[in-house]
There are 2 protein chains.
Amino acid sequence: MDDGPDDLPPFDLGTFLPYRLAVAAKRSSEDLARLYRDRFGLTVPEWRVLAHLAGAGPDISVRDVEAGIQLERYEVSRTAARLAAKGLLEKTASPADRRLVVLRLTPAGRALLAELLPLAQAYQARIEARLGAAGYQGLDAALRALEAEED
Amino acid sequence: MDDGPDDLPPFDLGTFLPYRLAVAAKRSSEDLARLYRDRFGLTVPEWRVLAHLAGAGPDISVRDVEAGIQLERYEVSRTAARLAAKGLLEKTASPADRRLVVLRLTPAGRALLAELLPLAQAYQARIEARLGAAGYQGLDAALRALEAEED
DNA sequence: CAGTATTCGTTGCAATTGCTACGATGTCAA
DNA sequence: TTGACATCGTAGCAATTGCAACGAATACTG
């Protein structure tokens, strides 16, 4: 019966913030992913790279994307290679600095985004509606605080 | 110069909630992971399984863990196998239902948690302090709303 | 009780990931 | 100019992951 002294402090993972954030992030990512996985065959990093290209200027290198979407360089590189294989973007060496690889959406890529971005925006609107204005502002403020540098 | 008609709606990944949640989750997970990766050689799923065992009763099966910590069954199985190999928990067949595998912390596992849990709690306290009482309550409420069923 | 369906946990296989090293290009200083 | 150093992107390799199929044990149905 006796498992020994209960020397462990009480702990509930369900109230633990890193865990809760991970669960919320995974859940919303998966909800969203249903929009683009089944319909367009995209993975999460593929979606991110495309979304970044949609929102940024025309001459974007791998390192620009890396800085913008919180992926490691090699992951951007591999994701871009896959997207290029699918015909959604082109990779060309930058004439100004031949170390750089410029990523540019193809017409097919733009067409896909023209369909997908409104769906993403609708998803965002749905979440905001569910949280309510005050709730959303609270979340926004908290995320902003978490995004800020610490240490 | 002309890239064709700008047929894409404006979109900024930086304001997109699934993305922001993913970034915040990854960041806090990594901050926390520094506590247990360098020091105890644990991975995230290993930490989660141990934390769940710490907070739950003594007779916990793989499927109980699965339900509790948002991991797929096979991931719990593999994680438990690794933890068993490290000597942090034992796996035994349940006498009541021999399909079930009961996971139980070893003394080494309990000792590790006795060191680690206070660090995790301190981390949580630090985040709450950074957010302030109002900020934390706002985040808590929003996460609760996101955790609730939708559809 | 026999036969079928379901649950539980594990594993094989292919794909993805993370780390590290590498070649290619560019920068800087003497 | 030349040589050391930094940056960019890629690729090799090992480890992890996701999926699906499987064997074992139990529950259900007639």
Side-chain angles (χ1 to χ4, degrees), chain A residues 22-23 25-27 29-31 33-34 36-38 41-50 52-53 56 59-86 89-104, chain B residues 22-23 25-27 29-31 33-34 36-38 41-50 52-53 56 59-86 89-104:
Chain A
V23 170
K26 186 171 183 223
R27 169 121 188 237
S29 268
E30 281 173 356
D31 283 350
R34 270 198 289 281
Y36 52 71
R37 188 189 44 208
D38 301 339
L42 297 179
T43 65
V44 171
E46 287 169 3
W47 149 250
R48 281 203 200 167
V49 169
L50 289 179
H52 184 75
L53 291 178
D59 277 10
I60 297 300
S61 73
V62 168
R63 107 172 174 292
D64 296 326
V65 177
E66 169 198 1
I69 64 176
Q70 211 73 5
L71 287 179
E72 296 296 320
R73 183 171 306 208
Y74 60 78
E75 186 60 12
V76 176
S77 171
R78 290 202 261 231
T79 302
R82 271 182 292 206
L83 290 170
K86 292 182 185 186
L89 60 76
E90 297 178 317
K91 299 164 56 180
T92 57
S94 164
D97 182 341
R98 298 223 318 271
R99 289 173 303 181
L100 302 184
V101 170
V102 172
L103 306 179
R104 190 167 323 195
Chain B
V23 170
K26 186 171 183 223
R27 169 122 187 236
S29 268
E30 282 173 355
D31 283 349
R34 269 198 289 280
Y36 51 70
R37 189 189 42 210
D38 299 341
L42 296 179
T43 65
V44 171
E46 286 169 3
W47 149 249
R48 282 204 200 168
V49 168
L50 289 178
H52 183 75
L53 291 179
D59 276 10
I60 296 299
S61 73
V62 169
R63 104 171 176 294
D64 296 326
V65 177
E66 169 198 1
I69 63 176
Q70 211 73 8
L71 287 180
E72 296 296 320
R73 183 170 306 210
Y74 61 80
E75 186 61 14
V76 176
S77 170
R78 290 202 260 231
T79 302
R82 272 181 291 205
L83 289 171
K86 293 183 183 183
L89 59 78
E90 298 177 314
K91 299 165 55 180
T92 57
S94 163
D97 181 341
R98 299 222 318 270
R99 290 172 302 181
L100 303 184
V101 170
V102 172
L103 306 179
R104 192 167 321 197

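For the numbers below, each heavy atom of this structure counts, side chains included, while hydrogens, waters and symmetry mates do not. Per chain, numbering begins at 1; letters A, B, ... match sequence-line order. Please read these numbers as outputs of a predicted model, since none were measured by experiment.
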- Query: Does B/K91 have a side-chain nitrogen or oxygen under 4.0 Å from the phosphate oxygens OP1 or OP2 of C/dT10?
  - Reply: yes
Check: How is B/E75 classified with respect to the nucleic acid when contacts are heavy atoms under 4.0 Å: base, sugar-phosphate, or nothing?
Finding: sugar-phosphate
To the nearest angstrom, the CD-P distance between B/E66 and C/dT10 comes to 11 Å
Which part of the nucleic acid does B/S61 contact within heavy-atom distance under 4.0 Å: base, sugar-phosphate only, or nothing?
sugar-phosphate
- Query: Do B/Q70 and B/R48 have side chains that get closer than 4.5 Å, going by heavy atoms?
  - Reply: yes
Separation of D/dG9 atom P from A/I60 atom CD1, nearest Å, is 11 Å
Value for CG (B/D64) from CG (B/D59), rounded to nearest 0.5 Å, stands at 9.5 Å
Whole-Å distance, B/R63 CZ to C/dT10 C1', equals 16 Å
field: Any A/V65 side-chain heavy atom under 4.5 Å of A/L71 side chain
entry: no
Counting only side-chain N and O atoms of A/Y74, is one of them less than 4.0 Å from OP1 or OP2 of C/dT17? no
5'-most contact on DNA chain C (nearest-nucleotide basis), A/P95 vs B/V62, goes to B/V62
Does C/dT7 have OP1 or OP2 under 4.0 Å away from a side-chain N or O of B/R99? no
Between CZ of A/R98 and P of D/dG9 the distance, given in whole Å, is 14 Å
note: B/L100, atom CG; D/dG23, atom P; distance rounded to Å ~ 20 Å
Per atom distances to the A/R78 side chain, the nearest of D/dA25, C/dG26, C/dC19 is C/dC19
Whole-Å distance, B/R82 CZ to D/dT16 C1', equals 7 Å
Exercise. How would you label the contact of B/R73 with the nucleic acid (heavy atoms, under 4.0 Å): base, sugar-phosphate, or nothing?
Worked result: base
Closest to the side chain of A/S77, out of C/dT17, C/dG9, D/dT10, is D/dT10
Atom CZ of B/R48 and atom P of D/dT17 are separated, to the nearest Å, by 11 Å
> Hey, are the side chains of A/L53 and A/R104 touching, using non-hydrogen atoms and a 4.5 Å cut-off?
Replying inline: no
### Query
Looking at side-chain heavy atoms only, is the closest gap between A/R37 and A/V44 below 4.5 Å?
no
note: B/E72, atom CD; C/dC8, atom P; distance rounded to Å ~ 14 Å
Closest to the 5' end of DNA chain D, once A/D64 and A/R37 are matched to their nearest nucleotides, is A/D64
